[in-house]
Amino acid sequence: MTEPSRFYLTTAIDYPNSRPHIGTAFEKIGADVQARYRRMSGNTVHFLMGNDENTIKVAKRAAELGRDPKEYCDDMARQFKEVWKALDISNDDFIQTSEARHHAGCRAFIQKVYDAGHIYKGAYEGLYCEGCEAFKTEKEIKEAGGVCPDHKVPPIKRSEPCYFFALSKFQDRLLRFYDENPGFIQPESRRNEILSLVQGGLQDVNITRQGQDWGIKVPFDEQFTIYVWFDALLNYITAIGYGTDDERFRKWWPADIHFIGKDITRFHCALWPAMLWAAGEEPPRSVFGHGFVYVKNEETGAAEKISKSLGNVVEPMDIVTKFSGEAFRYYFLRECPFPGDGEFSWQRFKDVFNSELANNLGNLYSRCITLVSKNYDGHLDETAGRKPGVIYTEVDTQTTAQQVQKHIEACQYNQALERIWRQILDPANRYAEKTEPWKLVKTDKEAARHVLYDLVEQLRCAAILLKPFLPRMAETIYRGFNFPQPWAEVRYEDVWVHPLQAEDLRVLAPLEAGKVKPLFPRIN
RNA sequence: CCCGGGGUGGAGCAGUGGUAGCUCGCCAGGCUCAUAACCUGGAGGUCGCAGGUUCAAAUCCUGCCCCCGGAACCA
C-alpha cells in the first residue's frame, strides 16, 4: 500500500437538511474500520468527516424554521456528531463548511485557480423556479412531472452571468492519470464507469451563483458565491490547513483515500483532480466509491432506495437504541458488501445478530469463561510461557489473519468478517465439542486445562482481528483475560506471533455466580 | 436509445476452466460447559435463456431476455 507513516482518509461531507440515515452511516462505518485498522498497523492516521453547509437548501431550511443559518448548521452538526459517536466513529476532525478555516481556504484556492487562468466568465442557462429562487436540475423537474417538486409550477428558462471552471481542458491529463494510476478509482467497476465518462468528453462547469447571501463569496467578484462542488470538495484540504496552515497541509496532503458514495464518483475522480491541478496541487491517491444500502419492503420483499417520499427512512439511532452501536456496525459490515450494494431489514438484522453475535461469538466467550472459572477457579496453572495448541489445521491463524488484512485493505469487510467466523470461531466451537472439556475435566484435569487454553487462544485472536470492526466488544473479550499485550498496542501480527503469557492465564471478566454477562443478549 | 452493475437451492451471498460451496431458514439426531446456545447428518440448485469454443464452462465467446442504478446540487 502507501508509505506506512501517515494515512489521511476522508468521508463525503453530508447535507444537514435532514438527519443522517443508515445509508449515510454505512459510509462512515466503512471508513472507520479502515481508520482503526491503519492505526493498529502503526500509521499516524488523520480521519476527517464533516457537513456540507453552504447550499441554498440549507439557507432555505433555516429560514423555514425561522432560524439563523449558522445556528441551524451548528445544531445539525451537533446532532450528526451525536450519531457518529453512538456508532463509535473515530474521526479525528469534523469540518463544517461554514467555518472560517473553510471559507479562508476556499477563497485562497479559487483565487489561485483564477490567477492561473482556469476560470472564465460566461452565462449559465437553466431551469429556474421562481418560488424556490433557484435553478433546478432536469432530473428534479422530470421526476416531479415537469414541475418544481416544491412549488408544483413549471420552471422557466433563465440565464444569468457566472464563472466557469475550464474542466474540459483536463480531459487528456485525466485519462493519462487514470492510466498511470490504475488503483486511483476503486472498485474496478467504478473505474470503468469514469473512464468511459471522461472519454466521452467533459464540459466546463459553472462554479458560481449570483445573489445569494449564504455561502462563500468569490474573492475576485464579490457579487457571486461559490457554487456546490467547487466549495464542497475543498473541505478535504481546508480541514488540514490549506490557505491557513501550509505546514500542516503539506504534512497530510495528498489524501490516501476518499470514501464516497458511488453516485458522486465523477466529481471526485474527474472534477476534483482537475481542480487540484489547476491550483498546482497533487490529486488524492485514491477514491473509493462504495455501494448503497437499500431498505427491504417487508410487504413486497422489494429493495427500495431510501427516501423520504417512500417513507422508508431508517435512522441509525432507531437501531442503536434498540440494539447497540456494535450490532449496527456488525450488520452493515457483514451483510452489505462495501464495494457493492446491500440491504437492510429488521428481520434480517435480528437473524444475523442472534446467529453470529449471540450464538456464535458471544456464546463461545460465555462458555469458555464459565468452564475456566467454575473448574479452575478462573486460573489455568502452568500456562505461563506455554504456546497454545493448534485447533484447526485447514487454515492456520497466521494465514487467516493475513487474509483478513488483505480483505480490509481492499475494503471487503464482509469477507474479512466471514473469515474470522469460519476460520477462528467455528473451529473453536467444533473443537470444544470434539474434546468435551466439561467431561474431560472430571477424568484428566490437566488435559482439560490445555484444551481450555487452546480455546481461549481463539478468543484472543478473534478479539484482535475484530478490533477495527467491533471496538468495544473486542476490547471486552480481550480484557476478559490477562493476555500479555496491552490492548492499546495489539497489532494483527500478534495473532500469529503468539506472545507468550508472562503469567498463567486468568479470567479477569467480572462474574456473577461464576458466569459472565452475555456480550450480545439474544433478541426474541 | 446509451452507459454501469447484476441474474447461482426458500432468503442472502462466495466462486473467472477440472467432481457446485457458505450463512440463515427447514427436517432428523447428538450433546448439556454455554445466551433454549453448541455439534453431526439430511432435503433442497439442469448456476437467466439459446448457441459456440474445449477432453472439460457457473467460469471463455456470440446473440437474446429480465432486474437495479446512472446522465452533472443524489451517501
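Worth saying up front: this structure is predicted, and the values here are computed from it rather than measured. Residue numbers begin at 1 in each chain, while the letters A, B, ... track the order of the sequences.
Distance Gln415(A) CD to G15(B) P: 6 Å, rounded to the nearest Å. Here C24(B) presents its P atom at 16 Å from CZ of Phe353(A), a figure rounded to the nearest Å. For the pair Asp341(A) CG and C68(B) C1', the interatomic distance rounds to 8 Å; values are reported in whole Å. Atom C1' of nucleotide G70(B) and atom CD1 of Ile194(A) are separated by 11 Å, given to the nearest angstrom. Between the CD1 atom of Ile420(A) and the C1' atom of U23(B) there is a distance of 15 Å, rounded to whole Å. In this structure, the CD atom of Glu356(A) is 15 Å from the C1' atom of C38(B), given to the nearest Å. Computed from coordinates, the Asn359(A) CG to U23(B) P distance equals 14 Å when rounded to whole Å. Note: CZ (Arg334(A)) to C1' (C13(B)) measures 8 Å, nearest angstrom.
Lys517(A) has no carboxylate O lying under 4.0 Å from a charged side-chain N of Glu512(A), or vice versa, which leaves the two without a salt bridge.
Across G52(B) and C66(B), the matching C1' atoms stand 23 Å from one another, rounded to whole Å. Taking atom C1' on both G7(B) and A75(B), the two are 26 Å apart, rounded to the nearest angstrom. Across the P atoms, A20(B) and U35(B) are found 42 Å apart, a figure rounded to whole Å. Comparing the C1' positions of U46(B) and C38(B) gives a spacing of 37 Å, expressed to the nearest Å. If you take atom P in G17(B) and the same atom in C61(B), they sit 12 Å apart, rounded to whole Å. The same atom, C1', is picked in C22(B) and in U8(B); the two are 12 Å apart, to the nearest Å. To the nearest whole angstrom, the two C1' atoms, one in C74(B) and one in A36(B), are 46 Å apart. Nucleotides U16(B) and G6(B) have their P atoms positioned 13 Å apart, rounded to a whole Å.
The side chain of Arg422(A) lies closest to C22(B) when the candidates are U35(B), C22(B), A34(B). Which of A75(B), C39(B), A72(B) sits closest to the side chain of Leu202(A) comes down to A72(B). When distances are taken from the side chain of Lys262(A) to each of C74(B), G69(B), A72(B), the shortest belongs to G69(B).
A tilted orientation is assigned to the rings of Phe353(A) and Phe323(A), their planes being inclined by 30° to 60°. Using bins of under 30°, 30° to 60° and over 60° for the plane-to-plane angle, the ring pair Phe80(A)/Trp84(A) lands in the perpendicular bin. In this pair, Phe288(A) and Phe259(A) present their aromatic rings tilted. The plane angle is within the 30 to 60° band.
Each of Leu519(A) and Lys439(A) lies near RNA chain B, and the nucleotide nearest Lys439(A) is the one positioned closer to the 5' end.
Within a 6.0 Å radius of CG in Asp263(A), more than 12 heavy atoms belonging to other residues, nucleotides or ligands are found.
Just one of Phe230(A), Trp229(A), Trp272(A), Tyr120(A) meets the ring pair (Phe, Tyr, Trp, His ring centres under 6.0 Å) condition when paired with Phe165(A); it is Phe230(A).
The partner of C33(B) cannot be assigned: no Watson-Crick or G-U wobble pair with both contacts below 3.5 Å exists in any strand. Here C22(B) sits opposite G12(B) as a Watson-Crick or G-U wobble pair (both hydrogen-bonding atom distances under 3.5 Å). Nucleotide G69(B) is matched to C3(B) when pairs are restricted to Watson-Crick or G-U wobble geometry with both distances under 3.5 angstrom.
Glu335(A) contributes no side-chain N or O that forms a donor-acceptor pair with the base of G12(B) under 3.5 Å.
Within 4.0 Å (heavy atoms only), Trp421(A) reaches no atom of the nucleic acid at all. At a threshold of 4.0 angstrom between heavy atoms, the contacts of Ser366(A) include nucleobase atoms, whether or not backbone atoms are also involved. The residue Arg522(A) sits close to a base: some heavy atom pair falls under 4.0 Å. As judged by a 4.0 angstrom heavy-atom cut-off over every strand, Phe26(A) is placed among residues making no nucleic acid contact. Among the heavy atoms of the strands, none lies under 4.0 Å from Val441(A).
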TODO: Could you walk me through whether Phe292(A) and Phe26(A) pass ring-ring contact (aromatic ring centres under 6.0 Å, His included), step by step?
DONE: CA-CA 8 Å; Phe292(A) 281 177; Phe26(A) 181 52; 9.2 Å; no
